[in-house]
Amino acid sequence: MESKAIHRCLHVLDLDKSLDFYEKALGMTEIRRMGPEDGSWINVFIGSESSGFQLELTWNRDRTEPYNNGGRDSHIAFTVPDYDEAHAIHEQMGCICHENEAMGLYFIEDPDGCWLEILPEKAEFAPQPGVDVLAAMQARCSVRQYSGEHVPQELLDRIIRAGLLSPSGRRRRPWELVVVRDHGTLNKLAECRDSGSTMLTGADAAIVVLGNPDVADTWIEDCSIVMANMHLEASASGVGSCWTQGRMRTAADGRSTQDFVAELLGIPDPWRLEAILSLGMPKEQIEHREFDEALLEKVHVGRF
């Protein structure tokens with residue numbers, strides 16, 4: 001059996017104070033939040049671009065007594081690229097609670113008494129190359145049903161960046177992205193196919209991937225890589241997504257999907273539609289898939 005640590009839950013008395021502390025002390029910002037409509041509790045997940053690990057800050061409206069988050073005996077460790085700079089920032093904040101100069105580390109304390117170990121970056125702390133990517137690939141699946149919860153802009157930005165960082169033939173990047181968040185437009189966009197696009201009516205966003213044949217003859221392959229990278233990042237960020245093929249497909253009104261989307265979104269020639277990625281927070285928990293060993297039969301060594 002294998003597992004992967006993804007977050008740790010900490011209970012906080014003052015949510016805004018804690019969010020401010022973690023942003024100033026460790027550069028961790030809000031990724032997403034959840035909670036019931038009555039506001040009796042709120043869970044806010046925070047993280048940073050340099051790590052996939054998140055903290056889940058849980059606030060309960062009726063709680064007045066301080067929490068016991070473990071103190072020194074049960075702490076969370078963070079590495080920093082510039083140890084001296086971090087120490088100076090934490091010293092100015094007045095949150096350093098213990099130093100161990102012999103071991104080259106120190107602790108800071110958050111507003112609720114949780115001790116956080118600060119360490120300089122070292123090779124032994126680096127993640128094993130490839131593990132996170134493989135985990136994202138294995139966890140990825142097409143999600144067509146969404147909860148209606150808003151996709152945080154921070155997560156949408158990460159998904160877009162994953163697409164923009166995609167490789168392309170001769171680095172020509174023959175693609176453009178159209179991000180759609182208006183629900184009226186999403187409902188119309190759902191009619192871009194005679195079947196297989198209805199999930200767009202329940203999506204919170206969609207990213208339309210376009211390619212320019214005049215820029216590169218590899219535009220189809222390049223746009224497909226953009227779609228795949230955004231699909232993977234969505235899964236890794238906890239956002240549901242589904243690939244809706246646009247090229248060589250027909251709209252519900254009989255037109256080509258290309259013509260339908262071009263008119264709806266004002267896409268000029270010579271841009272061509274490759275596909276649309278629907279995005280929304282999953283309605284149900286996505287089950288982890290095991291690797292299918294039968295797939296190895298598709299690998300041939302030396303000759304077919």
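No hydrogens, no waters, no symmetry mates; every other heavy atom, side chains included, goes into these values. For clarity, every value in this text was computed on a predicted model and none was experimentally measured.
- Between the side chains of Asn187 and Thr201, no donor N or O sits under 3.5 Å from an acceptor N or O.
- Ion pairing between a basic and an acidic side chain is recognised when a charged N comes within 4.0 Å of a carboxylate O; Lys24 and Asp20 show such pairing.
- There is a side-chain donor-acceptor pair under 3.5 Å between Arg181 and Gln153.
- Between Val208 and Leu277 there is no side-chain heavy-atom pair separated by less than 4.5 Å.
- Looking only at atom types and distance, the side chain of Ser166 has a donor-acceptor partner in the side chain of Asn229 under 3.5 Å away.
- Within the 4.5 Å cutoff, no side-chain heavy atoms of Ile42 are placed close to those of Asn60.
- A distance-only check finds no donor-acceptor pair linking the side chain of Asn212 to the backbone of Arg272 [under 3.5 Å].
- With Arg63 contributing its side chain and His11 its backbone, the two residues share no donor-acceptor pair below 3.5 Å.
- Ring geometry for Trp115 versus Phe107: interplanar angle of 30 to 60°, hence tilted.
- Between Asp222 and Arg173, none of the side-chain N atoms (NZ, or NE/NH1/NH2) sits under 4.0 Å from a carboxylate O, so this pair counts as no salt bridge.
- Inspection of the Thr29 and Tyr22 side chains reveals no N or O donor paired with an N or O acceptor under 3.5 Å.
- Residue Arg171 qualifies as open at atom CZ: its count of foreign heavy atoms under 6.0 Å is 12 or below.
- Neither side chain, Glu109 nor His98, offers a donor N or O lying under 3.5 Å from an acceptor on the other.
- Ionic pairing of Arg33 and Glu30 is present here: one or more N-O contacts between side-chain nitrogen and carboxylate oxygen are shorter than 4.0 angstrom.
- No side-chain heavy atom of Pro282 sits less than 4.5 Å from a side-chain heavy atom of Ser147.
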